[in-house]
Undergrad: 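Shown below is the structure under consideration.
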Amino acid sequence: MRILITGGSGFLGSHLSERLLNDGHQVVAVDNLLTGNLDNIQHLVNRPEFKFIQHDICEPFDVDGEIDGILNFASPASPVDYVKYPLETLRVGSAGTTNALELARRKNARFLTASTSEVYGDPLIHPQQESYYGNVNPIGARSCYDEAKRYSEAVTMSYHRYYGVDTRIVRIFNTFGERMRLEDGRVVPNFIAQALRGEPLTVYGDGLQTRSFCYVSDLVEGILRLFMLEPSKESMYPVNVGNPNEMTIEQFANFVNALTDNPAGIIYKIQERLQNDPQTRRPDITRARRLLDWEPNIALEEGLRRTIRYFESKVKPTAAGV
Ligand code: UDP
């Protein structure tokens, strides 16, 4: 297949590109490099089946030749990034997703969009099933991302219903791994960078909020199973993909400190916790298990060891200079 990936040089986009190339597909990666990084695809650019186009998908676009599928992954995704770029985030979820859907319609291509557990907001049911409509504050600090992604789901379903485009929606829960940006502000790179520098880990709030962390290769497998699924009565409805292994942020901090032998402990930053930061988050993956025969199989410890190894080369030179 010839597959176009928006956000192709981002954390997830680059992993999807690599996996698809290794599976024998052709990949066209499109990215405006706002939060994506060319370093992520440096090892792919010389492969003949890979093409990179620098473009902001908020502006309409076309590509030469046939496209069999589109994976729509362009968006800031870290709370620090989307609070810094609220209008870009809203635009890429709305105009950007619509432009990508237009291309899918014109090319008669299958379309999968990256949604998020943030569509559930600060959830009032636990764990979160796809049938839950969510508890989003439409004017809160996170609303630029949450509502952009909710809009992107709505416009995707509308292209399916109105134009008959073969669409898929994956709701991605917290994911980590190699090629996250060290400074993207999310808890995994923050904690690993702090631990490798021998600093205390900054836990925002009391640390009793929970998250459930999925290693990137498990996530990629789940996404591609959804993408490759034959169209059916069910295939267009959202599917949660994530790891149900839930823990508090305090427990997670202790785990990172243990894996890195960091003696510096934790400091609690009560003021740093963003408004409407979800108190609990855990995917119910019953639907993914049934529809995709998928579940994660990389343990948190193994995934973290690989990610720590990746960050070591990026953090150590700085630490040595301190
Ligand atoms: N967090 C933290 N310390 C940090 C960064 C994040 O305690 O240095 C907390 C944050 O408040 C949230 C959780 O970790 O409760 C996960 O945050 P992240 O930014 O990774 O993504 P989110 O799951 O909120 O989208």
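Order of appearance sets the numbers: ligands from 1, and atoms from 1 within every ligand.
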Undergrad: Would you call Asp56 and Arg91 a salt bridge, taking side-chain N to carboxylate O under 4.0 Å as the test?
TA: no

Undergrad: For Gly185 and ligand 1, answer yes if some heavy atom of the residue is under 4.0 Å from a ligand atom, otherwise no.
TA: yes

Undergrad: Do Tyr120 and Pro278 have side chains that get closer than 4.5 Å, going by heavy atoms?
TA: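 They are not in contact (no side-chain heavy atoms under 4.5 Å apart), so the answer is no.
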
Undergrad: Suppose I only count heavy atoms of Val203 and a 4.0 Å limit; which atoms of ligand 1 are within that range?
TA: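 Reading through ligand 1 atom by atom, the close ones are 7 (O).
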
Undergrad: With respect to Arg273, determine whether any N or O atom, backbone or side chain, lies less than 3.5 Å from an N or O atom of ligand 1.
TA: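 Arg273 vs ligand 1: no N/O contact under 3.5 Å.
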
Undergrad: Under 4.0 angstrom from ligand 1, any heavy atom of Gln194?
TA: no

Undergrad: For atom 3 (N) of ligand 1, tell me which residue out of Asn174, Val187, Thr202 has the closest non-hydrogen atom.
TA: Thr202

Undergrad: Looking at atom 25 (O) of ligand 1, what's its closest protein heavy atom, distance included?
TA: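 Ranked first by proximity to atom 25 (O) of ligand 1 is Arg142 NH2, 3.2 Å.
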
Undergrad: Heavy-atom contacts with Asn190 under 4.0 Å: which atoms of ligand 1 show up? List them by number with element.
TA: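 Selected atoms, number and element: 4 (C), 5 (C), 8 (O).
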
Undergrad: Below a 4.0 angstrom heavy-atom separation, can you tell me which part of Gln209, side chain or backbone, both or neither, approaches ligand 1?
TA: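 Side chain only.
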
Undergrad: Regarding Arg179 and Asp184, does a basic nitrogen lie under 4.0 Å from an acidic carboxylate oxygen?
TA: no

Undergrad: Passes side-chain contact (heavy atoms from CB on, under 4.5 Å), Asp284 versus Tyr132? Steps please.
TA: CA-CA 11 Å; Asp284 181 325; Tyr132 180 46; over 6 Å; no

Undergrad: I'd like to check whether Asp277 has a polar contact with ligand 1, where a contact means an N/O of the residue lying under 3.5 Å from an N/O of the ligand.
TA: yes

Undergrad: In terms of residue, atom name and distance, what is the protein heavy atom nearest to atom 16 (C) of ligand 1?
TA: Arg211 NE, 3.6 Å

Undergrad: Is Glu147 salt-bridged to Arg150, going by a charged N under 4.0 Å from an acidic O?
TA: yes

Undergrad: Using distance alone, with no hydrogens and no angle criterion, decide if Glu178 and Tyr215 have a side-chain donor and acceptor under 3.5 Å apart.
TA: yes

Undergrad: Between the side chains of Glu153 and Lys149, is the shortest nitrogen-to-carboxylate-oxygen separation below 4.0 Å, so that they form an ion pair?
TA: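 Here Lys149 does not pair with Glu153 in a salt bridge, since their nearest N and O are not under 4.0 Å apart.
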
Undergrad: Using a 4.0 Å heavy-atom cut-off, which part of Glu272 comes near ligand 1: side chain, backbone, both, or neither?
TA: neither

Undergrad: Just to be sure I read this right, does ligand 1 sit under 4.0 Å from the backbone of Lys269, its side chain, both, or neither, counting only heavy atoms?
TA: neither

Undergrad: Within a distance under 4.0 Å of any heavy atom of Arg281, pick out the atoms of ligand 1 and give their elements.
TA: 22 (P), 23 (O), 25 (O)

Undergrad: Does ligand 1 have any atom that is closer than 4.0 Å to a heavy atom of Phe252?
TA: no

Undergrad: Of all the heavy-atom pairs spanning Asn99 and Glu59, show the shortest one and how long it is.
TA: ND2-C, 3.4 Å

Undergrad: Applying side chain to side chain donor-acceptor pair (under 3.5 Å), run through Tyr204 and Gln209 and close with a yes or a no.
TA: CA-CA 9 Å; Tyr204 300 163; Gln209 70 269 38; over 6 Å; no

Undergrad: Is there a nitrogen or oxygen of Ile249 sitting under 3.5 Å from a nitrogen or oxygen of ligand 1?
TA: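 No: no nitrogen or oxygen of Ile249 is under 3.5 Å from one in ligand 1.
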
Undergrad: Please state which protein non-hydrogen atom is closest to atom 5 (C) of ligand 1 and give its distance, to 0.1 Å?
TA: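 Residue, atom and distance for the closest contact: Tyr204 CE1, 3.3 Å.
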
Undergrad: Give a yes/no verdict on whether any heavy atom in Glu118 is under 4.0 Å from an atom of ligand 1.
TA: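 Yes, Glu118 has heavy atoms under 4.0 Å from ligand 1.
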
Undergrad: Ring centres under 6.0 Å, that's the criterion: do Phe252 and Phe213 meet it?
TA: yes

Undergrad: I'd like to know if Ser78 contacts ligand 1, where contact means a heavy-atom distance under 4.0 Å to any ligand atom.
TA: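 Distance cut 4.0 Å: Ser78 fails for ligand 1.
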
Undergrad: Tell me whether Arg309 is salt-bridged to Glu312, with the criterion being a basic N under 4.0 Å from an acidic carboxylate O.
TA: no

